[in-house]
Structures are given as C-alpha cells and as structure tokens.
Amino acid sequence: MGLRNGSLVCDYCSSKFFSFEPFQIAWAAKDSSDPKAGFSYITQTWQEIDDGENKGCNWCDVLWGEIPFWYQHRKQEESPMPEETFKITVGFEKRNSEDEIVLKVTVEDDWTARYQVRCDPDENAAAFVPGRMLVWQVGSPQAFKLASDCLTQCTLRHNCPKPQETSLPTRVIDCSDPERPKLVLTKGMQGFYAALSYVWGEPQPHSVCTTNLSTYLESIDILLLPKTIRDAIFCSYNLNLRYLWADTLCILQDSDEDKQREIPQMCDIYRCAYVTIIAASSWKVSEGFLHNRKKPVETLLPFWCPDGKLGTISVDEDDSPMSSKEPVNRRAWCFQERLLSPRTLVYASHTLQYQCQTAMNEIGDIWNYLPSKKQGELRLPDTMVSRTPSKTLSSNDVEVVLTAWRSVLKDYTQRAVSDPSDRLVAISGIAQLFQRWWGDSNRYIAGLWERDLSTDLLWYRDSPSYGSLVTGQFLAPSWSWAATIGCIAAGWDKRVGNIIWEVQSCNAIPVSDNHPLGQVKGGRLIVRAIMRDVTWDP
C-alpha cells in the first residue's frame, strides 16, 4: 500500500477521496443547507486501514481514530473485525462565521467528528482556506508583527473605535530601552501606553515603594524584576509602545495613601490603554509568558483547490485549552482588568490571541467570532462601549445594563481573591463604569444597586468559588453578596411577583472617601415588611 499526494495518503485513500472530483463534492458541501451533504464512499477493510495508519497514511490515521470510537459506542464492542468496511461521508462546513471552515467526517451516517482546518499563508490552499496555523513561538519577531497588525487593523476589520492619545497614568514604565527601563512621573503627559494583567502568585520584593522610587526614576535593574514584568517590558517595546503600566511598579506598594489614590483610577487606566497584555497562562509572576508553547500536532492532508492546484492543509480536533482554566480567569483582580480593556493580547496556554469588543481570534488567523459568555470571554455590551452614556436611559438601555451587571457578578464571584477584604475593591473599576451609565438614577451600595434593591437582596451562594470561606472577618454588610466567598446567584433568577415590603433606607460606609465604590466598613438596611414566625432547623 503505497503513499501518494506528497506521501500524505495511501493509494486507496487517494483514489477514493483525495482525487479532484470527489474532493470538490466535499468542498461544495460548505455551501449546502443539507447536513448530510458531502462525498460518501466505502473504506478499505479495517485491517487495511490499520496497515495504512502504520505506514504513515494520514487519512487512515483519522479513520483509525474515529471508527473505533463509533464502534465502541454503537456496537458496544472494543474494535472492528479485520474484514469489516465502513461508509464514510466527508464534507466541509462553515462554522461560527463565514471565515471558519471545518472538516466533517461521518461514520455510517451516525457519528460525526469535526476538525479545524488550517494552512500556512503561502500554501496554494490559503486562497480558499481562511484558517492559519497556530502561532506557538509567541515571543518571536513574527508573532510581534502579527500582533501589531491586529492592533493597527482592528478599526477597519472589526469597526472598533480608533485609539486616541490619552492622559497617561500617574506613573508609567519607560520601555524605550528594554534593558534599562525606568519609571516616569507623567504629570499630565499625553500618549499611548500598554497595561499589564497577570497573576502575582508570589511576593514581589522589588516592587516600587517610597524608599526606591527615586532610584527607579533613574533606572530599574532589569535583572531584579520577575520574568512576567520583564516579558511585558520587552513586549511593549516590540509593539512600538514606549510606556507600560504595571501595578507592581506604578503603585507604591508600601503606601496605603497611594493605593487609595491609584486603585480608584483602575477603571480609566485599563479603559484608556492602547492594549492590555494578559499573561493568561502564568500561575505566578516569576514564570513569564513569552516562552514557546507546545508545538501543535499536525495531521497534514492533500487539498485539491477549486482552480485545480494541489495544496496541503492541517486538520486537528478542537482540543484547545478552555479559557476558564487559565490562571488569570481564576483571579478576581484580573477580571476587571480584561473586561475594561478595549483591546487585549492574550498570551494563552496554547497560542497568542487577540480580543477586542467585537471579535476574538488567534494571532495569524483571519477568522473571528463574537465572544461568548464563558468564563474569561465575557465582554461588555456594545451599548456601553460604542457611545457615551446619556442623561436618561431608555427602557432598552436599562435592560441591557441590568443584564450586563448580572453577567459580571456571575463570572466575578467564581474567582478568588488573596485578601478577602478586596472582594468589593477588585470589582470597583467595573462598578465605576456602570455608575457612569446609571448617573444619578441609581446608587451603588456595597455591591448592590439601589434601583433593583428588593430583587438584588434575594442573592444566594450558589456554589463555591476558587477561594475559601472566611470567618471572623468583616467583608461587607450581611445583606450584601460581598459578605461571603463563592459564586453568587442573584435574585433576578427568581420570578418575584408583587413585592410587599418597603426598603426604607440602605447605606454603606466606605473605608476611604477617595474610594466610595471600594471596601466598606459598615452598612445599614431598614425594611418595613410583614413578619412571620418560623422555626429554623439546620
């Protein structure tokens, strides 16, 4: 059993499917509404498929994976008999958008597997297949160029607002010489800057503080910095961004006064950043994020182009790491840093991704799709991004903003905070943005909104978060979800009829007057309602 078509498939597979006419039938299936569209044929015997797989036929390798799976689940037997043959239907399919093509392989009209289809940009197939090979060398010059192209083309490709120069944060890192960075006191300077989102995971002894600030304004010894911070400086430099904001070097870590002044600015720091660099795959700051990822396993197959040219594609099952399992998507602080950012470069476990308000794609790939509501992929509604809040919200705007806040709470409360007292602080930037939308028509009270207080007070702890329970420490008033650690299901999932109580007053006392939406030290809720005697049996 010899191999053909560039030694990718055996003679049998080449004659049955990987010749021009059968392949074009499969290719045309992507434009059909019939889910069974494609090219069907009968395979060689199972013994011959097994032999072909052992001799390097990549199509036999695909069948060798799918047929036993079908066999075990449908016939409840371990493997096919050597002489058995099978009906296989092959077709291409559009998925999620016009720009993503997958390969469908159906066994006996019963079991369908789908494979992502990619190719190199200089391949003959590239004129027809939009998917590109994953970038696994995420710190390479090619990766930086592709990332820069995404940033500069975002306005045209995704109809996103064009970035504008903005007032720089109080302090930024000058990355113009990545070997000798330094802090800059901006004093109202205008410009573009990158922001960094990452997991600390461990102490950072060389953070900026009152005792070393003057030294860092002259120069920072790059070797003293943990790998993630060094990588972020190098990344900013290669993206042609002179300035970088990172909390460890831009907020005085030994000054409560400076923290109370700078943390309330987090909303605008991330909102106004040209791009936010997210070290998504790093569990701690010493790990860095520019190292090579695991090189994808490629299953190469011949691709007959409609113009008659022969090209090559790579197919693989969609087994990319789930975004919810990335370290940054388990941490509460990282949530608002990503959600508030209009553009992000996500250094994920398997590749480098680009996300904006309307699209999410892997760098180098030209297909895109709308973000989902999975943990780590939530985005603010277009209404809150595309225009400035009006003085009076329409009924539609009210519903959009309410729904968005509910989604925010569901995602946020699944995450862990190292210091439980940060429960309200780490979401305060998002609360600030929502407060701008509500204006004077709504008041934020220890994580709840006055407008829907009767409903919001019906929250309950639905499941544990990645954090642990806290006892003996005041986090928030007992009537606020912030008083507990765990995933919150709020009152909106209960269909409440006539509300027969009256909220007479509700207030929370902030720890700092400079940060009214942050940590609280007390609160009071007074309601007038019908009382009923009950017995509590734990």
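Rounding to the nearest 0.5 Å places OH of Tyr354 at 5.5 Å from CG of Leu151. A distance of 9.5 Å separates OG of Ser197 from CH2 of Trp245, quoted to the nearest 0.5 Å. Taken from CG in Leu244 to CD1 in Ile229, the straight-line distance is 7.5 Å, to the nearest 0.5 Å. The CD atom of Glu108 lies 10.0 Å from the OG atom of Ser40; values are rounded to the nearest 0.5 Å. Atom CG in Leu300 sits 11.0 Å away from atom CG in Asp61 (nearest 0.5 Å). To the nearest 0.5 Å, atoms NZ (Lys284) and CD (Glu287) are separated by 6.0 Å.
With a 6.0 Å radius and a threshold of 12 heavy atoms from other residues, nucleotides or ligands, Tyr237 has its OH atom at or below the threshold. The environment of Glu21 atom CD is sparse: at most 12 non-hydrogen atoms of other residues, nucleotides or ligands sit within 6.0 angstrom. Residue Trp136 places its CH2 atom among more than 12 non-hydrogen atoms of other residues, nucleotides or ligands, all under 6.0 Å distant. Atom CD of Gln142 is surrounded by 12 or fewer heavy atoms from other residues, nucleotides or ligands within 6.0 Å.
For the pair Cys10/Cys60, a side-chain contact is recorded, criterion being any heavy-atom separation below 4.5 Å from C-beta on. Using a 4.5 Å heavy-atom cutoff, the side chains of Phe17 and Leu301 are not in contact. In this structure the side chain of Asp110 reaches within 4.5 angstrom of the side chain of Arg74, judged on heavy atoms. Looking at heavy atoms from C-beta onward, Thr403 lies out of side-chain contact with Val401 at the 4.5 angstrom threshold. Residues Gln72 and Glu78 form a side-chain contact, since some pair of their non-hydrogen atoms from C-beta on lies under 4.5 Å apart. A heavy-atom distance below 4.5 Å is not found between the side chains of Gln353 and Leu345. Side-chain contact between Thr299 and Ser314 is absent, with no heavy atoms from C-beta onward closer than 4.5 Å. At least one side-chain heavy atom of Leu249 sits less than 4.5 Å from a side-chain heavy atom of Leu225.
Side-chain N/O atoms of Gln116 and Arg118 include a donor and acceptor closer than 3.5 Å. Between the side chains of Gln204 and Thr248, at least one donor-acceptor pair of N or O atoms lies under 3.5 Å. Using modelled atom types, one finds no donor on one side chain facing an acceptor on the other under 3.5 Å when comparing Tyr71 with Gln76. Between the side chains of Glu202 and Ser286, a donor-acceptor pair is found at a separation under 3.5 Å. Side-chain contact, Glu326 with Ser349: a donor N or O sits under 3.5 Å from an acceptor N or O. Using modelled atom types and a 3.5 Å distance limit, the side chains of Glu66 and Tyr115 yield a donor-acceptor pair. Between the side chains of Asp247 and Trp200, a donor-acceptor pair is found at a separation under 3.5 Å. Thr89 and Thr106 form no side-chain donor-acceptor contact under 3.5 Å, judged by distance and modelled atom types alone.
Leu241 approaches Ala194 most closely through the heavy-atom pair CD1-CB, 3.9 Å. Here the closest non-hydrogen pair linking Met384 and Ala404 is SD-CB, 4.4 Å. Considering all non-hydrogen atoms of both residues, Arg415 and Asp411 come closest at NE-OD1, 2.9 Å.
In this structure, Arg343 is positioned above the aromatic face of Tyr274, its NZ or CZ under 6.0 Å from the six-membered ring centre and within 45° of the axis.
In this structure, Tyr193 has its ring center no closer than 6.0 Å to that of Tyr243. Taking the six-membered ring for Trp and the full ring otherwise, the centers of Phe303 and Phe18 sit at least 6.0 Å from each other. When ring centroids are compared, Trp481 and Tyr460 stay outside the 6.0 Å threshold.
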Could you go step by step and tell me if Glu84 and Lys75 meet the salt bridge (Lys or Arg N to Asp or Glu O under 4.0 Å) rule?
CA-CA 13 Å; Glu84 283 190 85; Lys75 294 200 172 185; 3.6 Å; yes
After noting the C-alpha distance and the side-chain angles of Phe39 and Phe23, does the key distance pass the ring-ring contact (aromatic ring centres under 6.0 Å, His included) rule?
CA-CA 7 Å; Phe39 177 78; Phe23 199 91; 9.9 Å; no
Please lay out, stage by stage, how Trp304 and Gln24 fare under the test side-chain contact (heavy atoms from CB on, under 4.5 Å).
CA-CA 7 Å; Trp304 280 105; Gln24 293 312 301; 3.8 Å; yes
Stepwise side-chain contact (heavy atoms from CB on, under 4.5 Å) test for Gln44 and Thr85:
CA-CA 6 Å; Gln44 64 270 58; Thr85 60; over 6 Å; no
Is there a side-chain contact (heavy atoms from CB on, under 4.5 Å) between Lys30 and Ile101 once you walk through the steps?
CA-CA 8 Å; Lys30 65 182 176 52; Ile101 301 293; 4.0 Å; yes
Derivation and outcome, side-chain contact (heavy atoms from CB on, under 4.5 Å), residues Trp59 and Val105:
CA-CA 11 Å; Trp59 187 244; Val105 181; 3.8 Å; yes
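In this structure, Glu48 does not pair ionically with Lys55, as no charged nitrogen and carboxylate oxygen lie closer than 4.0 Å. Salt-bridge check for Asp109 with Lys87: passed, with a basic side-chain N closer than 4.0 Å to an acidic carboxylate O. Between Arg423 and Asp419 there is no salt bridge, since no side-chain nitrogen of the basic residue lies less than 4.0 Å from a carboxylate oxygen of the acidic one. Comment: Lys227 engages Asp231 in a salt bridge, judged by a side-chain N to carboxylate O separation of less than 4.0 angstrom.
For Trp111, the ring pair (Phe, Tyr, Trp, His ring centres under 6.0 Å) partners are Phe69, not counting sequence neighbours. With sequence neighbours excluded, no residue forms a ring pair (Phe, Tyr, Trp, His ring centres under 6.0 Å) with Phe128.
Remark: the backbone N or O of Gly429 is paired with a side-chain donor or acceptor of Gln336 at under 3.5 angstrom. Panel note: side chain Asp177, backbone Glu179; a donor-acceptor pair is recorded below 3.5 Å. Using modelled atom types, no side-chain atom of Gln137 and backbone atom of Asn292 make a donor-acceptor pair closer than 3.5 Å. The closest donor-acceptor contact from the side chain of Ser32 to the backbone of Asp34 lies under 3.5 Å. A side-chain donor-acceptor contact under 3.5 Å links Asn238 to the backbone of Phe234. A donor-acceptor pair under 3.5 Å is formed between the side chain of Arg132 and the backbone N or O of Val129. Judged purely by atom type and a 3.5 angstrom limit, Thr276 has no side-chain atom pairing as donor or acceptor with the backbone of Leu196. When atom types are taken as modelled, the side chain of Arg330 and the backbone of Gln414 share no donor-acceptor pair closer than 3.5 angstrom. Counting only distance, with no hydrogens or angles, the side chain of Arg114 and the backbone of Thr112 share no donor-acceptor pair below 3.5 Å. A side-chain donor-acceptor contact under 3.5 Å links Thr228 to the backbone of Val285.
Using the six-membered ring where Trp is involved, Trp70 and Phe86 have ring planes that are perpendicular, over 60° apart on the 30 and 60° scheme.
Screening Ser281, Ser418, Cys334, Ser282 for a side-chain contact (heavy atoms from CB on, under 4.5 Å) involving Val199 leaves a single residue, Cys334.
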